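Worksheet for the structure shown next.
One-based numbering, in listed order, for ligands and for the atoms of each. On a predicted model such as this, the values are computed, not experimentally measured, just so you know.
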Amino acid sequence: MTKTVYSALQPSGSLTIGNYLGSIRNFKNLQDEYECFFNVADLHSITVPQEPKSIRERSFDLIAIFLASGLDPEKSTLFVQSHVPQHAELSWVLNCMSYMGQLNRMTQFKEKSQKSEENLNAGLFTYPVLMAADILLYQTDLVPVGIDQKQHLELARDLAIRFNNKYSETFKVPEGIIGKETGKIMSLKNPEKKMSKSDEDQNSFILLLDDEETIKRKIRKSVTDSLGNFDYNDEQKGLKNLINMYIAFSGLTSDEIVNKYKNENYSVFKEDLGQLIADNMKDIREKHSQFIKDKAYLEKVMREGAEKASYIANKTLRKVYKKVGFLPR
Ligand code: AMP
Ligand code: TRP
């Protein structure tokens, strides 16, 4: 039996190279081996305030980025979450089985809800349940995500097991795929913090669609340390983060990179890294600019994706409704 992969990103801001390395970049290799679903999580995005126009633009943008990063709609199902109503429907059933206490422990909720009054809404609180519904609807085996989603994934597993125990075997229990070096790319300005598009300091992140000069400039300005020795360890977090990106884009090991640069200044390494990232991102940037012009094609991809996704999602949802005791229509 072919295994199933599911992942999603929110259309809530410009993607960073952290999003790319933590999630999107891994999708392409998976599509050759597995049944893959890659989704634009627009329902998730309204858990914090958004401009309607921006959700529309960024949803197109994400589909274009999926395509630009090498996803083939013949192999992977690319779709928009709100086009498949079963996500919201399953989420309701799972909400009724979720413990407030467990949701209260979600670190992302704690962080985001403290940011503003508007963020303190019930949707943000139950967001991880919707994410569980996303994953469980497709009988997903594997979920490629960054480390920040690990706790949410754990909830999806708990809910699957809880439902199966209560009603009989219904859901697959999913596993995460989290990159060792790329699961958490750190801010270029503060290596204690995750690289995030919502950071006020524009130099703390590289955007997926930044041009070559911008990428190089941001890497040049990134924080390292004053120790001056080129090493890969937890005392030199800034450098470690840069080396992790170098590993991801070059395929070299940390030892090979340390050997290559141990007699050089950090600046030499930074020049090479900036160039390496820029070279690797060039193709996506160019392809994205082509795909984004063709709205009709993007609409076709998402429409066909939604059709395929709802067929499968519906099979799971019918089973769930029946087991819970809802009458057939
Ligand atoms: P989001 O932008 O929150 O929708 O995140 C989309 C995906 O990118 C999720 O799988 C996140 O775990 C991943 N991600 C976000 N930021 C980073 C980061 N700094 N490093 C690695 N992965 C990340
Ligand atoms: N919550 C994820 C994020 O913010 C996005 C997401 C929604 C997701 N549903 C998912 C990721 C299902 C993996 C699987 O990044």
With a 4.0 Å cut-off on N to O distance, would you call Glu212 and Lys216 a salt bridge? yes
Using the rule given for ring-ring contact (aromatic ring centres under 6.0 Å, His included), can you reason through Tyr246 versus Tyr232, listing the C-alpha separation, both sets of side-chain angles and the distance that settles it, and then say yes or no? CA-CA 12 Å; Tyr246 201 108; Tyr232 184 73; over 10 Å; no
- prompt: Hey, does Gln149 come in under 3.5 Å of ligand 1, counting only N/O atoms on both sides?
  reply: no
Taking N or O atoms only and a 3.5 Å limit, does Met195 qualify as a polar contact for ligand 1?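 N/O-N/O distance under 3.5 Å: yes.
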I'd like to know whether Gln108 forms a side-chain hydrogen bond (donor to acceptor under 3.5 Å, both in side chains) with Asp148, so could you lay out the CA-CA distance, the side-chain angles of the two residues, the decisive distance to 0.1 Å, and finally the verdict. CA-CA 8 Å; Gln108 195 175 74; Asp148 59 350; 4.6 Å; no
To which protein heavy atom is [atom] closest, and what is the distance rounded to 0.1 Å?
atom: atom 7 (C) of ligand 1; answer: Ser23 OG, 3.6 Å
atom: atom 1 (N) of ligand 2; answer: Tyr127 OH, 2.6 Å
atom: atom 5 (C) of ligand 2; answer: Ala8 O, 3.5 Å
atom: atom 15 (O) of ligand 2; answer: Gln149 NE2, 3.4 Å
atom: atom 10 (O) of ligand 1; answer: Gly146 N, 3.2 Å
atom: atom 19 (N) of ligand 1; answer: Ile185 O, 2.8 Å
atom: atom 22 (N) of ligand 1; answer: Gly18 O, 3.2 Å
atom: atom 9 (N) of ligand 2; answer: Asp134 OD2, 2.6 Å
atom: atom 12 (C) of ligand 2; answer: Tyr6 CE2, 3.5 Å
atom: atom 5 (O) of ligand 1; answer: Asn19 ND2, 3.3 Å

Going by the 4.0 angstrom heavy-atom rule, the piece of Thr182 near ligand 1 is backbone
Quiz item: With a 4.0 Å heavy-atom cut-off (strictly under), which part of Lys184 contacts ligand 1: side chain, backbone, both or neither?
Solution: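 Under 4.0 Å from ligand 1, Lys184 contributes backbone atoms alone.
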Q: Could you tell me which atoms of ligand 2, counted from 1 in the order shown, lie closer than 4.0 angstrom to a heavy atom of Val143?
A: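 Under 4.0 Å from Val143, ligand 2 has these atoms: 13 (C), 14 (C).
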Numbered in order shown, the ligand 2 atoms found under 4.0 Å of a heavy atom of Val145 are 11 (C), 13 (C)
### Task
Apply the test side-chain hydrogen bond (donor to acceptor under 3.5 Å, both in side chains) to residues Gln31 and Ser76: give CA-CA distance (whole Å), side-chain angles for both, the deciding distance (0.1 Å), then the verdict.
CA-CA 6 Å; Gln31 74 175 351; Ser76 297; 2.8 Å; yes
Ignoring hydrogens and angles, state whether a donor on the side chain of Tyr34 or Asp141 is under 3.5 Å from an acceptor on the partner side chain.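 Judged by distance alone, the side chains do not pair up.
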- Task: Classify the side-chain pair Gln275/Asp272 by whether it contains a donor and acceptor separated by less than 3.5 Å.
- Result: no
Do side-chain atoms of Gln151 reach the backbone of Thr107 as a donor and acceptor pair under 3.5 angstrom?
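Between the backbone of Thr107 and the side chain of Gln151 there is a qualifying donor-acceptor contact (under 3.5 Å).
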Could you check whether any side-chain N or O of Ser7 sits under 3.5 Å from a backbone N or O of Pro144, counting only pairs where one atom can act as donor and the other as acceptor?
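At least one qualifying donor-acceptor pair exists.
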Proximal ligand 1 atoms for [X], defined as those under 4.0 Å from one of its heavy atoms:
X: Val145; value: 10 (O)
X: Gln10; value: 4 (O)
X: Gly183; value: 20 (N), 21 (C), 22 (N)

All heavy atoms of Val143 vs all of Pro174, minimum pair found to be CG2-CB, 4.1 Å
### Task
Please verify whether a non-hydrogen atom of Lys197 lies at under 4.0 Å from ligand 1.
yes
- Does Asp148 come within less than 4.0 angstrom of ligand 1, counting non-hydrogen atoms of the residue? yes
Open item on the list: For a side-chain contact (heavy atoms from CB on, under 4.5 Å) check, start with the C-alpha distance between Glu256 and Lys260, then their side-chain angles and the critical distance, and finish with the verdict.
Closed with: CA-CA 6 Å; Glu256 287 168 332; Lys260 188 165 171 194; over 6 Å; no
Worksheet item: Quick one: are the ring centres of His87 and Tyr138 less than 6.0 Å apart?
Response: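 Ring centroids of His87 and Tyr138 are less than 6.0 Å from each other.
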Test side-chain hydrogen bond (donor to acceptor under 3.5 Å, both in side chains) applied to His83 and Asp42, step by step | CA-CA 10 Å; His83 291 176; Asp42 56 353; 5.8 Å; no
| said: Considering both backbone and side-chain atoms of Gln10, is one of its nitrogen or oxygen atoms within less than 3.5 Å of a nitrogen or oxygen in ligand 2? | reply: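 By distance alone, the answer is yes.
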* Asked: Is the NZ atom of Lys300 crowded by more than 12 outside heavy atoms at less than 6.0 Å?
  -> no
